[in-house]
Visitor: 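Here it is, the structure in full.
The chain is numbered in sequence order, starting from 1.
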Amino acid sequence: WRSSANSEKFYTCPFSGACLGVQPGGQDLVGSCDADNGYHGRLCSSCVSNFGRTFGNRCAPCASRAVTVLQMFALLAVFLLATALLVRSNIRFRSKEQVKLAVYIRILTNHF
C-alpha cells in the first residue's frame, strides 16, 4: 500500500493472506482485501461487519447471539459455584484449624 500514486514509500500488509493487491492495470491505490474472510480498509487491517478481532489480531466471524449468551451463563455458573464452595468451606471449617487450600483460594480471589 502507498498513500498516493507519487509516494515512494510502500507499506506491507500486516496479514499477507488478507491483502489481495491491486488488480493488473488498476488505478486503485488501496488494493483489494479478502472481504470473504472479514478484511477491509487500508492495509486490510479492519474487519467488516459481523467479524471481530481474535487474539492473533486477525478477523474472525462473530459468534451467534445464542452462543454468546450461553457462554455468559456458563461463566456465571462457574463463578457462583466457586463462591458457594468458598462459603461452604468457610462455614464448615470456621471452628477448626484453617485448611490451607481454603486460605490459598481466599488469598488468590482477594488478590485479583
Visitor: Test C33 against C19 for disulfide (SG to SG under 2.5 Å), laying out the working first.
Guide: CA-CA 5 Å; C33 302; C19 299; 5.5 Å; no
Visitor: Taking all atoms of both residues into account, what is the closest heavy-atom pair of C44 and A18, and its distance?
Guide: SG-O, 3.5 Å
Visitor: Determine the minimum heavy-atom distance between C13 and L43, stating which atoms define it.
Guide: SG-O, 3.7 Å
Visitor: Do N37 and C59 have side-chain heavy atoms sitting under 4.5 Å apart?
Guide: no
Visitor: For residues 63-83, which side-chain donor-acceptor pairs fall under 3.5 Å, sequence neighbours excluded?
Guide:
| residue | atom | partner | partner atom | Å |
| --- | --- | --- | --- | --- |
| S64 | OG | V67 | N | 3.3 |
| T68 | OG1 | S64 | O | 3.1 |
| T83 | OG1 | F79 | O | 2.9 |

Visitor: Would you list the pairs meeting ring pair (Phe, Tyr, Trp, His ring centres under 6.0 Å) in which at least one residue belongs to residues 35-66, sequence neighbours left out?
Guide: F15-Y39
